[in-house]
Amino acid sequence: QVQLLESGGGLVQAGGSLTLSCAASGTIAGVNGMGWYRQVPGKERELVAALTRSGSTNYRDSVKGRFTISRGNAKNTINLQMNALKPEDTAVYFCSIDHYDDSGIYTSWGQGTQVTVSS
């Protein structure tokens, strides 16, 4: 049983910045990576940024140069620094962790945090 808690969402004006944080807890034998996804009503959840155990990163093209994913100071935590926010960044942002144990490989999700960017 793994739980993830996101924080840092809110309402900002276009061009502003927000930092999201995520902490995973519970029984985690091993981690392959963590990431941030976002979803708007009626649309599929999409990858925003991912971070592997080795430190490699992957960003969707629309956020490159504006968003930065990083490992937090505590184990199994990540942050997402979002700069130059645009209205199209408005979404619920979800944290995920890809983890494993002797029985299998799993993906767990947080409940999400709302990011709203006004024009």
Side-chain angles (χ1 to χ4, degrees):
Q1 184 80 358
V2 174
Q3 300 82 39
L4 294 95
L5 292 177
E6 304 102 333
S7 62
L11 174 63
V12 297
Q13 294 181 345
S17 298
L18 282 175
T19 300
L20 305 183
S21 298
C22 171
S25 62
T27 302
I28 302 174
V31 176
N32 290 323
M34 297 183 70
W36 290 97
Y37 292 72
R38 66 189 182 189
Q39 189 170 25
V40 299
K43 300 295 183 181
E44 293 293 315
R45 191 171 298 183
E46 63 183 23
L47 173 71
V48 178
L51 178 67
T52 70
R53 184 86 283 179
S54 66
S56 298
T57 59
N58 185 38
Y59 299 91
R60 71 180 304 103
D61 287 343
S62 62
V63 308
K64 286 182 178 178
R66 300 189 297 120
F67 291 10
T68 303
I69 188 171
S70 62
R71 196 180 308 275
N73 291 329
K75 65 180 179 180
N76 299 327
T77 62
I78 56 169
N79 301 309
L80 184 68
Q81 177 66 50
M82 304 185 294
N83 298 322
L85 283 161
K86 304 174 180 180
E88 52 261 46
D89 295 318
T90 296
V92 177
Y93 284 69
F94 297 89
C95 181
S96 71
I97 182 169
D98 295 328
H99 57 107
Y100 60 88
D101 58 22
D102 289 340
S103 298
I105 305 172
Y106 317 94
T107 299
S108 297
W109 298 90
Q111 292 298 114
T113 184
Q114 177 71 46
V115 172
T116 302
V117 184
S118 65
S119 59

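Heavy-atom basis, side chains included; hydrogens, waters and symmetry copies ignored.
- Aromatic ring centres of Phe67 and Trp36: separated by at least 6.0 Å.
- Contact record, Met34 with Ala24: CE-CB, 4.3 Å, taken as the closest heavy-atom pair.
- Counting heavy atoms from C-beta on, the side chains of Tyr59 and Thr68 come closer than 4.5 Å.
- Residues His99 and Ile105 form no side-chain contact, since every pair of their non-hydrogen atoms from C-beta on lies 4.5 Å or further apart.
- Checking side-chain atoms of Thr57 against main-chain N and O of Leu51 turns up no donor-acceptor pair under 3.5 Å.
- Using bins of under 30°, 30° to 60° and over 60° for the plane-to-plane angle, the ring pair Tyr37/Trp109 lands in the perpendicular bin.
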Inset, instruction - Any chance you could lay out the side chain to side chain contact (heavy atoms under 4.5 Å, CB included) test for Leu4 and Ser96, step after step, and finish with the verdict? - result: CA-CA 7 Å; Leu4 294 95; Ser96 71; 5.6 Å; no
Inset, instruction - Dump the intermediate steps for side chain to side chain contact (heavy atoms under 4.5 Å, CB included) on Leu11 and Val117, then the final yes or no. - result: CA-CA 6 Å; Leu11 174 63; Val117 184; over 6 Å; no
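- Distance alone, capped at 3.5 Å, places no donor-acceptor pair between the Asp61 side chain and the Lys64 backbone.
- Proximity of Arg71 to Arg53: side-chain heavy atoms (C-beta onward) are separated by under 4.5 Å at one or more points.
- Using a 4.5 Å heavy-atom cutoff, the side chains of Asp98 and Tyr106 are not in contact.
- Applying the side chain to side chain donor-acceptor pair (under 3.5 Å) definition to pairs two or more places apart or across chains, those involving residues 110-119 are Gln114-Thr116.
- Atom CZ of Arg38 and atom OH of Tyr93 lie 4.0 Å apart (nearest 0.5 Å).
- Heavy-atom contacts from other residues, nucleotides or ligands closer than 6.0 Å to CD of Glu88 number more than 12.
- Glu46 places none of its side-chain heavy atoms less than 4.5 Å from the side chain of Gln39.
- Among pairs with a residue in residues 60-119, those fulfilling disulfide bond (SG atoms under 2.5 Å apart) read Cys22-Cys95, at least two apart in sequence or across chains.
- With contacts defined as side-chain heavy-atom distances shorter than 4.5 Å, the pair Val2/Ile97 qualifies.
- Within the cation-pi definition used here (under 6.0 Å to the ring centroid, within 45° of the axis), Arg45 qualifies as a partner of Phe94.
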For residues 76-86, which side-chain N or O atoms pair as donor and acceptor with protein atoms under 3.5 Å away, sequence neighbours left out?
unit_1 : atom_1 : unit_2 : atom_2 : d
Thr77  : OG1    : Ala74  : O      : 2.5
Asn79  : OD1    : Ser21  : OG     : 3.0
Gln81  : OE1    : Thr19  : OG1    : 2.5
Gln81  : NE2    : Asn83  : OD1    : 3.0
Asn83  : OD1    : Ser17  : OG     : 2.9

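- The hydrophobic clustering, which links ILVMFWY residues whose side-chain heavy atoms are closer than 4.5 Å, places Val12 and Val92 apart.
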